[in-house]
Amino acid sequence: CASHTPRPEPVISDWQQHQSALQNFNSWQLEGKLGYRDSRDGGSAWLNWQQSSDAFKLLLSGPFGTGATQILGNSHHAELRRSGKETLYSPSPAALTEQLFGWQWPVDELHFWIRGIPAPNTTQDVSSHNLDGTLSTLTQANWQLQFSGYQQVGPWILPGRIRGNSGEYSFTLVIKQWHLDMENH
Amino acid sequence: GGQPADGELRIRMSDLESLSADFEQTVYAAEGDIVQQASGHMLAARPGRVRWNTDAPFEQLIVTNGKTLWLYDPDLEQVTIKPFDADLGKTPAVLFIGDLEALEDSYSVSLEEEGTSALFTLLPNKADSLYEKVTLRFEGLSPVTMALWDTLGQKTDIHFDNLQRNPPWTVDQFMFIPPEGVDIIGDE
């Protein structure tokens, strides 16, 4: 089991190698919290994110498990299920986030940002790194992102907190627990 | 099922002017896997006052004085301030602090008794309720478990421990002053 001696600061010597390796890391379950706001309103939810290759399931719930909401699907189909409401379907998960929050979340990019790497197929304007090589800030898809709270999770170094803002919209993602899907190791 | 028992539940609830307890909460997805687990402490006082403090790692504090609801999340450094929504269909924890007449409008209640254990089953009357079913089990005069099934098949189990019936409380326990530098969302 994991040794309990204090871990040395995780060091990424080769960023390109780290990035391409993480691009293939696509099966996980994480638990955490999501905060979001726009000029009018905002809120927070407990988040459970299950990802296995391009299939995903996001469970959002409020205190006492209220307001349970699920967004699930894959790259070409998505469903939004809310407690007490009928299910909504859409070819794109991002379109469903607009139903839920009133604005479109950068879902495809978040799929990579959550791993602490830029989205590969989107132009990347600016980024900066911490001394240990991990990504500190990133501007991409007109979002400004800050990454922090990195933690060693099995073979990976993954962020524990991501703050993003774009115009009036902002979100905070706090990841409390990563569970690796052991099959693809 | 049991016989209709709105009155019986009302008696037990009105007997609880205030309540404090430790809680363990587990949320199960429809497939049965655990999606959320948390523990903490709750203080409730009728009418409309709740302080629901969830411990780390999912630290969160919910405070309401019956008019305003503060939801403080230290991880997110965020406080959401909203008018308190006493809709029993939305926050069944309101069962402990809500006006009991509304209880019968929102739910039809049945009771199954076995010795000192009483299991109340509440089925919502309104179509737009978030929950399909809520159960509340008492041991003697004290609530011990509460369970909520929502329309997605998600189940929330809440167990109460070290329960104190009618503890003293002060008004400032049901107020919240946002700490410095925290993002405030909603009307002050």
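So you know, we letter chains A, B, ... as the sequences are listed, proteins then strands, and number each from 1.
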Which heavy atom of B:Asp75 sits nearest a heavy atom of A:Val174, and at what distance?
O-CG2, 3.7 Å
Is there a path of hydrophobic side-chain contacts, each under 4.5 Å between heavy atoms, that joins B:Trp52 and B:Leu95?
yes
Output the distance between atom CG (B:Leu152) and atom CZ (A:Arg81), rounded to the nearest 0.5 Å.
7.5 Å
Side chain, backbone, both or neither of B:Asp157 within contact of chain A (heavy atoms, under 4.5 Å)
neither
Going hydrophobic residue to hydrophobic residue with side-chain gaps under 4.5 angstrom, can you get from B:Met146 over to B:Tyr28?
no
Side chain, backbone, both or neither: which part of A:Tyr36 has an atom under 4.5 Å from a heavy atom of chain B?
backbone
Part of A:Gln50 lying under 4.5 Å from any heavy atom of chain B:
side chain
Quick one: pull up CG in B:Leu76 and CG in A:Leu173 and give me the separation to the nearest 0.5 Å.
8.5 Å
Could you state the interatomic distance from CD1 (B:Ile185) to CZ (A:Arg40), rounded to the nearest 0.5 Å?
12.5 Å
Contact leader toward chain A among B:Thr80, B:Thr54, B:Asp73, B:Leu71, where contacts are heavy-atom pairs under 4.5 Å
B:Asp73
In plain terms, say whether B:Glu31 and A:Lys57 are close enough for a salt bridge, that is, a side-chain N and a carboxylate O under 4.0 Å apart.
yes
Relative to chain B, which segment of A:Thr69 carries a heavy atom at a distance below 4.5 Å: side chain, backbone, both, or neither?
backbone
Is it possible for you to say whether A:Trp46 and B:Leu148 belong to one hydrophobic cluster, with membership spreading through side-chain heavy-atom contacts below 4.5 Å?
no
Please classify the contact between B:Ala56 and chain A as side chain, backbone, both or neither, with a heavy-atom cut-off of under 4.5 Å.
neither
With chain B, which of A:Lys85, A:Glu31, A:Arg161, A:Gln70 has the greatest number of heavy-atom pairs at distances under 4.5 Å?
A:Arg161
Taking A:Ile71 as the starting point, is it possible to reach A:Tyr89 by hopping between hydrophobic residues whose side chains are less than 4.5 Å apart?
no
Taking C-beta and beyond as the side chain, do A:Arg163 and B:Glu77 meet within less than 4.5 Å on heavy atoms?
yes
Closest non-hydrogen atom pair between B:Gln78 and A:Ser44, with its separation:
NE2-CB, 3.8 Å
Taking the side chain as every heavy atom from C-beta outward, state whether A:Glu86 and B:Thr151 have any pair of such atoms under 4.5 Å apart.
no
Any donor-acceptor pair under 3.5 Å linking the side-chain atoms of B:Gln36 with those of A:Ser61?
yes
Same hydrophobic cluster for B:Trp149 and B:Val109, using side-chain heavy-atom links shorter than 4.5 Å among ILVMFWY?
no
Against chain B, label A:Leu34 side chain, backbone, both or neither, depending on which of its atoms sit under 4.5 Å from a heavy atom there.
backbone
Where is the tightest heavy-atom contact between A:Ala68 and B:Gln154, given as atom of each residue plus distance?
CB-NE2, 3.4 Å
A:Asp41 vs B:Lys82, side chain to side chain contact (heavy atoms under 4.5 Å, CB included): CA-CA, chis, key distance, verdict:
CA-CA 10 Å; A:Asp41 195 9; B:Lys82 290 196 163 122; 4.2 Å; yes
Please check if the side chain of A:Lys33 supplies one atom and the backbone of B:Glu59 the other of a donor-acceptor pair under 3.5 Å.
yes
